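Data block below; observations after.
In what follows, every heavy atom counts, from backbone to side chain, and hydrogens, waters and symmetry copies are set aside. Please read all numbers here as calculations on a predicted model, not as lab measurements. Every chain is numbered from 1 and lettered A, B, ... according to where its sequence line falls, protein lines coming before strand lines.
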There are 2 protein chains.
Amino acid sequence: MKPKKRTTIYDIAEKLNVTPSSVSRALNNSNYVNETTKKLILKTAEELNYKRNTLASNLRKGQSKTIGVVVPRINQNFFANVIAGIEDATYKQGYNLIICQSNESYEKEVQSINTLINQHVDCIVISVSVDSKNYKHLQNVLDHGIQLIQFDRVVEELETLKVINDNEQASFEAVNQIIEQGYKRIALLEGPQNLAIFRQRKTGYLNALAKNNMPVIDELIIENAWTKELGAKATRKLLGLKQPPDAIFASTSDFSALGVLEVATAMNFKVPSQLGICGYSNEDFTELTSPSITTIDQFSFYMGKTVANLYFQEMENNDTIVVPKIISIKPKVIMRTSTQKLKKD
Amino acid sequence: MKPKKRTTIYDIAEKLNVTPSSVSRALNNSNYVNETTKKLILKTAEELNYKRNTLASNLRKGQSKTIGVVVPRINQNFFANVIAGIEDATYKQGYNLIICQSNESYEKEVQSINTLINQHVDCIVISVSVDSKNYKHLQNVLDHGIQLIQFDRVVEELETLKVINDNEQASFEAVNQIIEQGYKRIALLEGPQNLAIFRQRKTGYLNALAKNNMPVIDELIIENAWTKELGAKATRKLLGLKQPPDAIFASTSDFSALGVLEVATAMNFKVPSQLGICGYSNEDFTELTSPSITTIDQFSFYMGKTVANLYFQEMENNDTIVVPKIISIKPKVIMRTSTQKLKKD
DNA sequence: CTGAAAGCGCTTACAG
DNA sequence: CTGAAAGCGCTTACAG
């Protein structure tokens with residue numbers, strides 16, 4: 001298939017015996033064109049099936065009206081919804097999204113960032129991969145004068161715009177509610193502690209125990225149990241203890257909680273009467289399992305919209321220096337069957 | 001935040017007292033540069049934190065190394081996996097993906113297509129929205145000399161590259177297996193018949209009935225039941241019939257099947273003993289419901305890879321005219337609990 | 001191997 | 001309101 005010659009503003013200009021300047025002005029709806037010629041130009045453009053070459057336009061204008069998004073995976077509801085939120089807000093403004101998946105790999109993340117820089121995107125939105133080793137690539141974004149917005153999994157020490165959840169508070173409330181249901185030995189599946197969100201969730205858990213005068217039991221805290229498989233593995237270990245837990249808070253993700261549920265069911269632990277389970281993120285499937293899984297909603301779509309609006313807002317005062325801004329969204333515990341010990345099951 | 005002046009090949013050239021031509025050559029790893037100056041240029045580029053301006057490069061070269069993808073929704077496993085497959089194959093070749101969601105809206109689909117044309121993508125990959133009214137926008141892609149590849153939900157009359165499933169065959173096999181399990185009155189939830197995939201699935205259903213000498217019962221065929229809500233609504237109607245069906249084939253999607261399951265459970269129909277349920281697409285959640293839902297796997301990730309490879313293959317013989325090619329992938333019935341009548345439940 | 005020059009398709013300050 | 005011209009940052013045919 002041969003790329004065909006496309007209609008350009010020169011073609012239109014030639015046909016109408018005006019200059020490309022005028023065509024460009026008409027196409028951009030400038031006031032500095034005669035109304036009738038403007039209409040004529042627009043009509044001709046339509047006829048010749050003209051499409052602006054955004055590449056050329058952006059090159060000339062020095063901006064791309066494109067926002068790059070880098071997320072670990074697009075097929076998790078949380079990220080898909082954030083993206084949908086960003087899209088919803090940017091779409092009307094004529095912005096494009098380039099979406100990249102890091103697949104939780106540092107190398108892929110770096111390469112994605114480089115691609116986006118090359119593409120001259122106006123802004124990069126990122127939730128870092130768990131595998132991220134250092135943040136030179138993010139600093140690099142800043143060095144190129146590209147707006148950087150972090151969300152959810154943020155690198156705290158990097159001073160950029162951020163949209164986050166109050167993980168600590170959410171985690172605290174979830175564990176409190178679990179305790180209220182009468183659970184006594186609550187295990188924690190924690191995520192890689194290099195990510196702030198997982199540290200915060202752990203802190204919330206510890207605070208809730210402290211507030212309720214419950215001891216911290218080391219063997220009930222399992223490191224690095226953040227995928228379904230690792231959650232399952234951790235559960236096998238926990239339920240095999242002499243004194244197994246009566247509840248497991250998979251603070252890392254619903255996927256991990258799903259692993260817990262599957263192993264618990266396989267080992268004939270009754271959920272929620274013998275074992276309470278709580279996940280994190282409110283993935284769609286948590287409603288479908290049996291029993292349904294208690295989790296924490298992060299208002300992902302709204303997070304996405306917030307990210308986009310933060311960018312537009314920041315653009316407005318583009319002559320001043322960026323003031324690092326952090327927007328924190330309060331998540332909400334969604335109490336479902338998997339932790340309803342009080343209710344007869 | 002002020003966009004900073006970026007390093008260009010002129011900056012490098014100036015510093016090294018060579019011409020931009022040489023810098024460009026070195027950066028493109030051409031052989032027509034002295035080896036030592038090449039190394040020097042590369043080193044200097046690194047030092048000055050040079051990033052190629054892809055916009056300029058693409059404008060000059062007349063190609064963008066970008067593929068546009070338009071899908072109804074990215075947060076359905078099927079589409080997310082196809083995208084992941086495309087990405088996997090294109091990533092290594094240095095291609096970028098621009099992902100757009102039509103949200104099942106015709107207007108949004110048209111706008112997405114226009115954006116992608118403006119962006120001068122090299123190829124557009126699309127699965128059309130259910131709402132698509134006509135195909136001028138797709139014809140327009142072709143008219144602009146942009147490669148167009150349709151997958152899954154394809155417009156048959158448009159002669160483009162296509163990657164599809166053998167929907168009829170898969171549907172036929174699924175219904176056959178349902179019949180083998182001893183179900184006698186099998187209802188069909190059909191999708192909007194303007195889409196070929198839904199017509200084909202219906203044909204498969206009818207063929208299976210015919211093969212087994214089973215009558216087609218009109219009241220058991222429900223039109224336009226392709227979302228969870230519509231699936232639920234259809235089920236309420238079906239289960240309220242004097243002679244309700246003993247199985248429902250939600251040929252449209254697993255979401256529809258989920259609606260069926262929820263209503264059936266609410267109405268105290270036992271699945272699978274009183275009612276068999278089969279969905280379509282093998283969304284992740286079908287494994288998690290109780291009972292788990294029988295469905296049809298479309299090899300989505302592989303579909304995505306196939307799409308990408310089809311494009312690359314087509315590029316190789318770029319001097320000849322495009323021969324419309326259709327690649328059909330055979331889906332696979334995944335038998336789960338929701339249709340296992342024979343097995344004691 | 002290297003340079004000078006043209007050009008990809010736009011936009012916009014400048015002059016009228 | 002309109003045109004001529006420069007320039008965004010690259011690449012590449014041409015000449016040497």
- D:dC8 P sits how many Å from B:Lys51 NZ, rounded? 22 Å
- Item | First encountered from the 5' end of DNA chain C, between B:Lys61 and B:Tyr32 | B:Tyr32
- To the nearest Å, how far apart are A:Leu40 CG and D:dC1 P? 16 Å
- Pairs under 3.5 Å (Watson-Crick or G-U), crossing ones as [ ], inter-strand ones as |: DNA chain C comes out as |||.||||||||.|||
- Please walk me through it: do B:Asp152 and B:Val82 pass side chain to side chain contact (heavy atoms under 4.5 Å, CB included)? CA-CA 10 Å; B:Asp152 192 49; B:Val82 171; over 6 Å; no
- Query: Where the side chain of B:Arg25 is defined as all heavy atoms beyond and including C-beta, which of C:dT2, C:dT12, C:dC10 is the nearest nucleotide?
  - Reply: C:dT2
- Task: Look at the side chain of B:Tyr10 against the base of D:dC10 and say whether a donor-acceptor pair falls under 3.5 Å; ignore hydrogens and angles.
- Result: yes
- Message: Tell me the interatomic distance from A:Asn28, atom CG, to C:dG9, atom C1', rounded to whole angstroms.
- Response: 13 Å
- Whole-Å distance, A:His120 NE2 to C:dC10 P, equals 19 Å
Under 3.5 Å donor-acceptor pairs involving side-chain atoms of residues 113-120 of chain B, not counting sequence neighbours:
from: B:Asn114; atom 1: OD1; to: A:Lys51; atom 2: NZ; distance (Å): 2.8
from: B:Thr115; atom 1: OG1; to: B:Gln111; atom 2: O; distance (Å): 2.9
from: B:Gln119; atom 1: NE2; to: A:Asn96; atom 2: OD1; distance (Å): 3.0
from: B:His120; atom 1: NE2; to: A:Arg6; atom 2: NH1; distance (Å): 3.0
from: B:His120; atom 1: NE2; to: A:Asn53; atom 2: ND2; distance (Å): 3.3

- Ranking D:dG9, C:dC10, D:dT2 by distance to the side chain of A:Asn34, first place goes to D:dT2
- Task: Apply side chain to side chain contact (heavy atoms under 4.5 Å, CB included) to B:Tyr95 and B:Glu87, showing your working.
- Result: CA-CA 8 Å; B:Tyr95 273 73; B:Glu87 210 189 21; over 6 Å; no
- Sidechain-backbone polar pair: B:Asn140 side chain, B:Lys136 backbone, donor-acceptor under 3.5 Å: no
- Output the residues of residues 14-24 of chain B in contact with DNA chain C, where contact means a heavy atom of the residue under 4.0 Å from an atom of the strand; sort by number or write none. B:Thr19, B:Ser21, B:Ser22
- Pair A:Thr36, A:Asn34: side-chain N/O donor-acceptor within cut-off below 3.5 Å: yes
- Query: Quick one: which of D:dC10, D:dG9, C:dT2 gets closest to the side chain of B:Tyr50?
  - Reply: D:dC10
